[in-house]
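Notes follow once the structure below has been shown.
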Amino acid sequence: DGQRGKKVLDVGCGAGVDAVRFARAGAQVTAVDIAPAAIDLATRNFEYQKLSAELTVADGEHLPFPDSSFDYVFAHGVVQYTTGAQALVNECRRVLRPGGVAVFQVYNRLSWLNLLSKIMKVGLEHQDAPVLRKYSAGEFRRLLTLFGGVRLVFERFPVRSRLHKGWKGAVYNSVFVGTFNALPRSLVRRFGWHLLAFCTR
């Protein structure tokens, strides 16, 4: 709702799930994805929702928009899947108006989930992607140095799950989750699996 009436760009929109939420809240939405199949799905999604947006096949590293075109740029879960992470971040900044906000999300390499997957030998989501990079907070912040202000937020902490089966699931749900969440948040805050950055140009 905070973007009502503003020009929002969703980079790497996929099927348009988040773009639809912005449009429903009253934003003027433009969304791009490098995959034509994703734009086809997003188009059908918007038609089904009876909403409108400008949907375009485009590479986030070479956005087809003039400088300072958008009030808000949303690139959630995109940076870690590109070989040109710095180019993508720089393009998002270029098309953002002065004072506008860009949002990026990556996977935190120094996270509880990344460590647990190695110890328990349980694969993580999207590990078969052609490119998948995890970032420490410092590495992520260095990608964002051209922005005037950067606020990092750590999210996705462990909760009990029915997806985990057998003895690994029992240990995860009965021991690990309880122990992790009993620790003071100040000690574990930096180990969330999702690392978000709210960046002001």
Side-chain angles (χ1 to χ4, degrees), residues 2-3 6-23 25 27-46 51-109 124-137 139-153 155-156 193-201:
Q3 308 312 316
K6 295 182 179 178
K7 297 183 69 174
V8 171
L9 172 65
D10 185 352
V11 179
C13 66
V17 174
D18 292 313
V20 159
R21 295 176 67 194
F22 284 116
Q28 301 173 47
V29 175
T30 300
V32 301
D33 200 289
I34 198 169
I39 294 300
D40 288 343
L41 286 171
T43 299
R44 285 190 239 168
N45 191 0
F46 270 83
L51 295 167
S52 62
E54 180 184 339
L55 305 170
T56 306
V57 175
D59 183 350
E61 298 174 28
H62 306 282
L63 293 169
F65 308 110
D67 296 356
S68 305
S69 295
F70 299 96
D71 301 299
Y72 195 85
V73 176
F74 185 76
H76 191 282
V78 178
V79 173
Q80 61 263 47
Y81 296 114
T82 178
T83 56
Q86 191 66 69
L88 188 143
V89 167
N90 290 352
E91 275 292 272
C92 289
R93 181 185 178 277
R94 179 185 67 77
V95 300
L96 187 66
R97 67 167 178 78
V101 173
V103 178
F104 303 96
Q105 177 267 323
V106 298
Y107 296 133
N108 182 9
R109 181 166 52 81
L124 297 174
E125 57 192 356
H126 310 308
Q127 282 195 173
D128 58 346
V131 177
L132 176 57
R133 181 176 177 187
K134 306 177 189 83
Y135 291 83
S136 69
E139 290 165 343
F140 192 30
R141 194 179 285 279
R142 282 192 287 276
L143 271 181
L144 309 170
T145 52
L146 290 179
F147 285 93
V150 175
R151 179 171 63 93
L152 297 186
V153 176
E155 288 189 345
R156 196 172 168 190
W193 173 229
H194 286 177
L195 178 54
L196 291 94
F198 296 84
C199 310
T200 304
R201 180 174 176 185

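In this chain, numbering begins with 1 at the start of the sequence shown. If you're wondering where the values come from, they're calculated on a predicted model, not measured in any experiment.
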Val20 versus Phe46: any side-chain heavy-atom pair under 4.5 Å?
yes

Taking the side chain as every heavy atom from C-beta outward, state whether Arg97 and Lys7 have any pair of such atoms under 4.5 Å apart.
no

Minimum-distance pair of heavy atoms, taken over all atoms of Glu91 and Gly60
CB-O, 3.5 Å

Of the non-hydrogen atoms in Cys199 and Leu96, which two are nearest, and what is the gap between them?
O-CD2, 4.4 Å

Side-chain contact, heavy-atom cut-off 4.5 Å: Arg21 with Phe74?
no

How long is the straight-line distance from CZ of Arg44 back to CG of Leu55, given to the nearest 0.5 Å?
13.0 Å

Nearest atoms (heavy-atom pairs only) where Thr200 meets Gly99:
CG2-O, 4.0 Å

Any side-chain heavy-atom pair of Ser136 and Leu195 under 4.5 Å:
no

Using a 3.5 Å distance criterion without hydrogens, assess whether the side chain of Asp33 forms a donor-acceptor pair with backbone atoms of Gly14.
yes

Mind checking whether Leu63 and Leu9 have side chains closer than 4.5 Å, heavy atoms only?
yes

Looking at Val78 and Gly12, what are the two nearest heavy atoms and their distance?
CG2-CA, 4.0 Å

Would you call the rings of Tyr107 and His194 parallel, tilted or perpendicular, where under 30° means parallel and over 60° means perpendicular?
tilted

Between Val101, Thr30, Asp10, Val11, which is the residue that forms a side chain to side chain contact (heavy atoms under 4.5 Å, CB included) with Phe70?
Thr30

Gap separating the CD atom of Glu54 from the CD atom of Gln28, nearest 0.5 angstrom:
11.0 Å

Between SG of Cys13 and CG of Leu41, what distance do you get to the nearest 0.5 Å?
9.5 Å

Heavy-atom check, side chain of Glu155 versus side chain of Gln105, under 4.5 Å:
no

Nearest 0.5 Å please: distance from the CD1 atom of Ile34 over to the OG1 atom of Thr56.
13.5 Å

Verdict with reasoning, Gln3 to Tyr72, per side-chain contact (heavy atoms from CB on, under 4.5 Å)
CA-CA 8 Å; Gln3 308 312 316; Tyr72 195 85; 3.3 Å; yes

dist Thr82:OG1 -> Leu132:CG (nearest 0.5 Å) comes out at 12.0 Å

Using the rule salt bridge (charged side-chain N to carboxylate O under 4.0 Å, His left out), only one of Arg93, Arg94, Arg201 pairs with Asp67; which is it?
Arg94

Would you mind reporting whether Phe140 and Asn108 have side-chain heavy atoms less than 4.5 Å apart?
no

Note, Leu143 side chain near Tyr135 side chain (heavy atom, < 4.5 Å):
yes

Verdict with reasoning, Phe104 to Gln80, per side-chain contact (heavy atoms from CB on, under 4.5 Å):
CA-CA 10 Å; Phe104 303 96; Gln80 61 263 47; over 6 Å; no

Would you name the heavy atoms of Ala23 and Leu51 that are closest together and state the gap between them?
CB-CD1, 4.2 Å

Leu152 and Ala197: which non-hydrogen atoms are nearest, and at how many Å?
CD2-CB, 3.7 Å

